[in-house]
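These numbers come from the heavy atoms of this one structure, side chains and all, not from hydrogens, waters or symmetry mates.
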There are 2 protein chains.
Amino acid sequence: MTKLQIHGREASDASDRDAKAQAEGFATVRQAHESEMAEDYVELIAELIEIQGEARPVDIAERLGVKPPTVTKNISRLKEAGLVSRERYRAIFLTPEGQKLAEACRRRHRIVVAFLLSLGIDEETAERDAEGIEHHVSETTLEAFEAVVTRAHEKH
Amino acid sequence: MTKLQIHGREASDASDRDAKAQAEGFATVRQAHESEMAEDYVELIAELIEIQGEARPVDIAERLGVKPPTVTKNISRLKEAGLVSRERYRAIFLTPEGQKLAEACRRRHRIVVAFLLSLGIDEETAERDAEGIEHHVSETTLEAFEAVVTRAHEKH
DNA sequence: TATATATGTTAGCATCGGCTAACTTTTGAG
DNA sequence: CTCAAAAGTTAGCCGATGCTAACATATATA
């Protein structure tokens, strides 16, 4: 097949690689979206257990801004995924795996918020943006954020 | 109703406000997700028109890492939304509104990438993370990013 | 110009994560 | 202890965004 055709694709190897890398990037974002629900829930459940001693659907629904049936449905998905344990009508607990994920999410969240604050962004915006950004930050970028925060603290 | 009950919610006004703010944050993230598809498509269409002279479904599919029928379906959604114009089996064009959105997205994308690079992150990771992050960056945060990039450039 | 191949569309399906309405269970106040 | 209200669940709906299989159209080359 001849190269550089007008319609029949395959312009060059370079743009093929570009396209592939781009496609992988979008795939990564789509995967991140799939785990966002789980991450948001376990993070919130850990938070609620810490401040209230237990996590109940009604509180989760209120804080996520969704209705109780949505929470019920998603909690059962998390149970299937092995992240939470629970019996009908009872409070929700994290499995060891869920705790591990929650801990990682909370660390990441803290770092992203601290990083945004260190740029001079106001607290409310920092929290809001962090909520969306945190799910899309690679470990590499997270470490860079952490370094900035540390440096900002050193300069007190 | 008495306050600070074990089961009957309403712990305090402060935590009520917290919960509300948190819920709004999650709502913002969900809204961002709804516009992500449109933003990714118009951004990519503008890019393809620039580098190839036209945007065809096959290229969009390849670069997004999805199958052609998905592109057909989403393009028709964008057409309904008034962002693209097109006739069956022909290349895709952006309406003035679509061009405006594409331009805003590309500017935001450029800033986020430049910002991550200025933190010392490698190009591939910067591109990958930017793809996910860009949809969740408020104008406030974007300006802070821009300022960091500008300062980094000034330092030669 | 005829036709094989590349491109594009349609139809039909699945999953995810929202919702409302209606029902069940738990809880706490009287 | 009873029973009303709060909390939780179930059933059934919707829209978004993916997919495959089958079909339609356009294009380029023999």
| query | Which comes earlier along DNA chain C counting from the 5' end, the contact point of A:V66 or that of B:V71, where each point is its nearest nucleotide? | reply | B:V71

| note | Connected to B:V29, directly or through other members, by ILVMFWY side-chain contacts below 4.5 Å are none

| message | Once you apply a heavy-atom cut-off of 4.0 Å, does B:P57 come out as touching a base, just sugar-phosphate, or nothing? | response | sugar-phosphate

| query | In whole angstrom, what separates A:D40's CG from C:dG18's P? | reply | 9 Å

| query | Given C:dT24, is OP1 or OP2 found less than 4.0 Å from the side-chain N or O atoms of A:R88? | reply | no

Can you list, pair by pair, the side-chain donor-acceptor contacts under 3.5 Å of residues 90-102 of chain B, counting residues two or more places apart and other chains?
{"residue": "B:T95", "atom": "OG1", "partner": "B:G82", "partner atom": "O", "Å": "2.7"}
{"residue": "B:T95", "atom": "OG1", "partner": "B:L83", "partner atom": "O", "Å": "3.1"}
{"residue": "B:T95", "atom": "OG1", "partner": "B:E97", "partner atom": "N", "Å": "3.4"}
{"residue": "B:T95", "atom": "OG1", "partner": "B:G98", "partner atom": "N", "Å": "3.0"}
{"residue": "B:Q99", "atom": "NE2", "partner": "B:L94", "partner atom": "O", "Å": "3.4"}

| said: Distance check needed: D:dG15 P versus B:Q31 CD, whole Å only. | reply: 18 Å

| query | Is the phosphate of C:dG8, meaning OP1 or OP2, less than 4.0 Å from a side-chain N or O of B:R56? | reply | yes

| query | Mind checking who shares a hydrophobic cluster with B:I121, ILVMFWY linked at side-chain heavy-atom distances under 4.5 Å? | reply | A:I111, A:V112, A:F115, A:L116, A:L119, A:I121, A:I133, A:V137, A:L142, A:F145, A:V148, A:V149, B:I111, B:V112, B:F115, B:L116, B:L119, B:I133, B:V137, B:L142, B:F145, B:V148, B:V149

| field | For atom CD of A:E36 and atom P of C:dG18, their distance in whole Å | value | 10 Å

| What is the distance from CG of A:L64 to P of C:dC19, rounded to the nearest Å? | 10 Å

| Between A:F26 and B:V66, is any pair of side-chain heavy atoms under 4.5 Å apart? | no

| query | What closest approach, in Å, do A:Y41 and A:I60 show between heavy atoms, and which atom pair accounts for it? | reply | CE2-CG2, 3.9 Å

| task | Could you tell me whether the phosphate oxygens of C:dG17, OP1 or OP2, come under 4.0 Å of any side-chain nitrogen or oxygen in A:T70? | result | no

| message | Starting from A:L117 and following side-chain heavy-atom contacts under 4.5 Å between hydrophobic residues (I, L, V, M, F, W, Y), which residues can be reached? | response | A:V113

| Rounded to whole angstroms, how far apart are OH on B:Y89 and C1' on D:dA26? | 9 Å

| field | Sequence neighbours excluded, every pair satisfying salt bridge (charged side-chain N to carboxylate O under 4.0 Å, His left out) that has a member inside residues 123-139 of chain B | value | B:R107-B:E139

| request: For A:R30 and for A:R90, find the nucleotide of DNA chain D with the closest heavy atom, then tell me which residue's nucleotide is more 5'. | output: A:R90

| Pair listing, salt bridge (charged side-chain N to carboxylate O under 4.0 Å, His left out) test, anchored in residues 29-42 of chain B, at least two apart | B:E39-B:R108

| query | Atom CZ of B:F26 to atom C1' of C:dG18: distance rounded to whole Å? | reply | 15 Å

| note | In numerical order, the residues of residues 72-86 of chain A whose heavy atoms come under 4.0 Å of DNA chain C are A:K73, A:N74, A:R77

| message | Both B:E87 and A:P68 contact DNA chain C. Which one's nearest nucleotide lies toward the 5' end? | response | B:E87

| field | Those residues that, when tested against A:H136, pass ring pair (Phe, Tyr, Trp, His ring centres under 6.0 Å) (two or more places apart) | value | A:H33, B:H136

| said: Can you measure A:K67 atom NZ to D:dA11 atom C1' for me and round it to whole angstrom units? | reply: 18 Å

| Nearest-angstrom distance from the residue atom CD of A:E54 to C1' of D:dA7 | 12 Å

| Between D:dC19, C:dG8, C:dT25, which one does the side chain of B:P69 approach most closely? | D:dC19

| query | Quick one: OG1 on B:T70 to CD1 on B:I75, what's the gap to the nearest 0.5 Å? | reply | 11.5 Å

| query | Under a cut-off of 3.5 Å for both distances of each Watson-Crick or G-U pair, what dot-bracket string does DNA chain C give, using [ ] for crossing pairs and | for inter-strand pairs? | reply | ||||||||||||||||||||||||||||||

